[in-house]
Structures are given as structure tokens and as C-alpha cells.
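Heads up: the structure comes next, in C-alpha cells.
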Amino acid sequence: MSETPAIEVSDLTVAYGATPVLWDVDLTVPPGVLMAIVGPNGAGKTTLIKAILGLIRPAAGRVLVQGRPYDVQRRLVAYVPQRRTVDWDFPTSVLDVVTMGRYGALGWIRRPGRRDRRLALEALEQVGMTELAHRQISQLSGGQQQRVFLARALVQDASVYLMDEPFAGVDATTERAIVHLLRRLRETGRTVVVVHHDLQTVEEYFDWATLLNVRRIASGPVDEVFTEQNLRLTYGGRVAFLAEGRSAVVP
Amino acid sequence: MTAPQLEIQAIAALVAAACALPGVFLVLRRMALISDAISHALLPGIVLAFFLVEDLTSPLLVVGAASTGLVTVLLVELLKRTELVREDAAIGLVFPVLFSIGVILITRFAGDVHLDVDAVLLGELAFAPFDRFVVAGYDVGPSALWLMSGILALNVTFIVLLYKELKLATFDAALATALGLSPALVHYGLMALVSVTAVGAFDAVGSILVVALMIAPPAAAYLLTDRLPVMLGLATLLGVGSALGGYWLAHWLDASIAGSMAGAAGIAFALAFLLAPERGLVSLARRRLRQRWEFAQGALAIHLMQHEGSPEAAEESRIEHLNRHLRWDPDFAARVVRGAQRRGLVARVDGSLALTDRGRAVARELVVR
């Protein structure tokens, strides 16, 4: 491949104590793909994302973002954590949370100004939340919270987006809005990596997939890697269904 | 008011404001207990620094003693990281050790100097005006006034400069790390601020009551607003109000100033807890009551709608049958009907109830939801 990969993970091992969470994972994410990371609970999906972002120190291995370490590339990366990881009773407004996406570009001490607020409002418009901009965040539904997080990532104007379960616990409208947004990001040349739980929608939503269960089982275009055999390897034969037209895997 | 009275109140107000500002972030970060730990663990630092500089209001003593606060935080985190004890236990283990070292040092070596356990625990605001700050032969006021002004200025500067970093590190530490705005740095900065403030304030209000001024006003402010800047302002106002109110309470009761100030802060919190417009107990109870009636009226509307136009409608809509069909007691049913009539959901037609257009709309909306 001539292009520099958006993300290149090599020999990544992460352990909590003596328990390995990721074993020697190699992963290359080409630029401009919309990739799902799937795998059972405890497969290390969130850990993989956190290790890419430098939130967890790996026991071994290396992560490159567009060919260079994350430390010097952080402006290029936007992160959407799981919704439950923050305190939604925090005394602040929707617009303020979205503006936080600009803090990286601002750096230490400099305060967000009019331009940052305008960008935040534009991002809110993209997720259809303009009229809730001044709402206190504790009054949001789960889907709205997720959209606020997405808007916060959009405002970073990154080239690589890492999202941890953006579809978890959202209503159908929000799910459609998110899918639409992910496609728009891909169309504008961004690389999007999404931890995903719903196997039924992988082929519909994504063009690239990584199957993970502590070790990397497979990674590549969805139609090549999202196979019965790989799923069985990933989920240990516990896959009770597959998309229409294929036989169900019964243990 | 005499000059010393004014000075005492000014010091009390400065202490309260200086405590409330970092306190807001302690409350939001769910670290209220760490202020207790720091303020106690400062004791050995204060004693050792006092042996060196022999002046309780010296900035050198403040810095020296404040470093014990950071040691506390560090020890708590090291203990927690072993995963053998949880954070609350780690806090409970660390600060008594440091505190007891301080107590032993005082009782063993400081018998003949102005430093005793009572003063450290409870402070002695009434004596603060006696310790004057003299510059080139001029008396420019009590030392404590200058010291606390300096600490308040430090706190305001820190929070104004690092407002956005403090907010992000508190709300979403992972994002702060990912963006390169180290939450650990912000955390230790805040802990240093808490330590310095506690050292400065312990002389005035004692190490125990520092906690009251750091936690109660911000906790009350949290109930009163959902905007962080307003919370910072309100916490400061409530703190200063408690300090001044406490001073006059002490005057009136002829009791400890520090105790009365902490008591006033407690009363301020209790009032917010009961009466806060959105989150207070009283408004919660009222909201619950209102919801209960609205729910019952909705249930009545749905009941009437289900049977509308059916052969048994006449029977189901009779007021005296509501208690049988809905298993409501007659008094309750009568009140629900009255409420529903007032809201224009139902109308009485010779002993029977009929849905109004509005009632039908409400019922439909409830069913769809």
C-alpha cells in the first residue's frame, strides 16, 4: 500500500496485572475506511482504542497514527468515549461540552472564544441538536447524550475518529443519525474506527472490520473477514445468528 | 464595630472565599474526603516548618507545610494503586498516621512555644488581630489578613487561568489525557491549592473546620445551580455569608467563632438541601405529589377512552363505579375526578363522566408514549 496507514498497531500487548487483555495485536487501518471493531465482552475492544490514544500504557508494542506516534499526532485524532464514563449531572450546558472538543487546539490556558463557540454550534447542527444547545446536560436522553459526544468529536475536525460504542442504548432515530454522520465522515476522507456490538448491522454500516478476542482474529474488508469461520473463532462458536442468507452457527 | 472586630470578619471572609473556590472542584470530583485528609495530615508539616521559621503566618511555613498535603495525596494514590485497599480506606489509613506524628511532635517538643493541639484543631480567630504585619516600622494590619489575601489571590488566579483545564479534567479525564491537557497535572495543582489554603486557614479556623468551609458552601451551591461559573460564585457568597453570620452568631452566643462559622455553613447547606428550587427536598416532594395526581388523572382519561362508544361505556363511566373498576378508594377517586375536571379533561354528564376533546388528546398522547 502506498498510502500511510491511518493507524498502525504492531505487536501490541496490554495486561492488567498478569491478565492479558490484548495479546500481540497487529492492526493496520487504511485511510478513509469506516471500520468496526467487534468481539465478545472482555475481548479488549475498549482497551485497544485506549491504547491507541495513549490512555493506557501497553506492556509491549507500538502505535503509529499516520506514520508517527500519537503524542505528536493528537490533533489528528478525535475520541468518542462510552457515554457512561462521565457524570451527566456535571453543572454545564450542551454547548459547553461540545466546545470541549476545541480544548486540544487551544492548548493550555487559552480560553475558547467566539470562533470556538461558532464551530461548536455548527457541530451541534450536524447532529440535529441546535435547539438544545443551552440545555443543562442532565436533562438529555441517552441518544441526545451520544449526539453531544459526537458533536464534540466533530468539532475537533480530526482525520481519525475513534468511537467506543456510539450505538449503545440509543433510539432508532439517533442510530440513523449516527450512521449518516459516519458515512459523511468517510466521504470527506476521514478514517472512522467504531467499537460495535450489533453483529447484524456490521455489513450494512461498515466497509472494514476487525474481529478481536484478546488476539486479533481477522482484519480487512467486511466482505472478506466477516465470515462464519472468523466469527466462530472470535465468539467461540456461540454465534447464534448471522445476516440473512447464511446459516446460523450453532455450537 | 471595633477595628479588631472588623479585622476578624475580614479574615473570616477571606478564609471562607479561599476555601470555597477549590472546594467546588473537590465536590464535583467527588473528593470531599481528601480535604479532610489533607487538612489533618498538614499537622506534622506545620510543626516541622514552625520549628524552622518560628512564625505561623510566614509564607515559608505555608509552603513547607503544604508539601505535607501533597505527600498525603501521593501516599493515598500509591496505596490505592496496589489494589489491596480502596481509595476511602487508603485515605483513612494515611492521614491519621501523619496527624498522629504531628500530635506527638507538638506534645513532645513544642510545649514552650505558641503552638498547641487545640489551636491547630480549632484555630483561634479571636487572636488573629494581635499578630501584626509590620513593614518598615508601619503596622499594615494583621498578618493573617495579608496571608489569606495572598492565598485567595493565588486560588483565583489558578482557577481563572486553568478554568477550562479544571473543568475538562473533572468532567472527562480521559478526553483531557487524549487532548494532551494532562489531568494529573491539573489534579496535583488543585491538591497543592487545597493544601496551601488549608495551611493558611488552619490558623484562623483550625484544621477540622477548614473542611466545613471547603465542602458545605460548594455542596449547597451545587444544589442551587446547573452552571459551573454560577456555582463558583454562589459557593463563595455562601461561604462568606456563613463566615460573617457565624461570627455574629458566636458574638451573640459567646461561643467559639470557628465553631459558629462551621455551624452557619452547615445551616446554609441544610437550607439549600430543603429549599433549593429544583433539587431541594421540598420541591422534590411537591413534584412527586403533582406527578401522582397527574398520573391518576391520566389513568382516568385512558380508562374513559378505552370504553368510549362501547356498550359498557355508560356503566364504566359512572363516578360511583370508578372505585370498583379502578380499585380506587372513593375519596381518592373523587379528588382525581375534581382535578381532571379542573384541568378540563373530563366533564360530568348526569352522574357519568365524559372525556372532553382535550382529555381525549391527553389520553391518546399517554398511550402512544
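Every chain is numbered from 1 and lettered A, B, ... according to where its sequence line falls, protein lines coming before strand lines.
Between chain A and the options Pro229(B), Ala174(B), Ala176(B), heavy-atom pairs under 4.5 Å are most frequent for Ala174(B). Ranked by heavy-atom pairs under 4.5 Å with chain B, the list Pro81(A), Ala78(A), Ser93(A), Ser138(A) is led by Ser93(A). Of the residues considered (Tyr70(A), Trp88(A), Tyr79(A), Trp108(A)), Trp108(A) shows the highest number of contacts with chain B, using heavy-atom pairs under 4.5 Å. Counting heavy-atom pairs under 4.5 Å between each of Arg74(A), Gln156(A), Arg110(A) and chain B puts Arg74(A) at the top.
No part of Val230(B) comes within reach of chain A, as not one of its non-hydrogen atoms sits under 4.5 angstrom from that chain. At a 4.5 Å heavy-atom cutoff, Val80(A) makes no contact with chain B through either its backbone or its side chain. Neither the backbone nor the side chain of Leu166(B) comes within less than 4.5 Å of any heavy atom in chain A. At a 4.5 Å heavy-atom cutoff, the contact between Leu161(B) and chain A is made by backbone and side-chain atoms alike.
In this structure, Arg75(A) does not pair ionically with Asp157(A), as no charged nitrogen and carboxylate oxygen lie closer than 4.0 Å.
Relative ring orientation between Phe206(A) and Phe167(A) is described as perpendicular, the plane-to-plane angle rising above 60° on a 0-90° scale split at 30° and 60°.
Between Asp172(B) and Thr85(A), the side chains place no donor N or O within less than 3.5 Å of an acceptor N or O (distance only, hydrogens not considered).
With Arg190(A) contributing its side chain and Ser159(A) its backbone, the two residues share no donor-acceptor pair below 3.5 Å. Of the possible donor and acceptor atoms, one in the side chain of Arg111(A) sits under 3.5 Å from a partner among the backbone N and O of Val160(B).
For the salt bridge (Lys or Arg N to Asp or Glu O under 4.0 Å) with Asp96(A), the qualifying choice from Lys164(B), Lys167(B), Arg227(B) is Lys167(B), the only one to do so.
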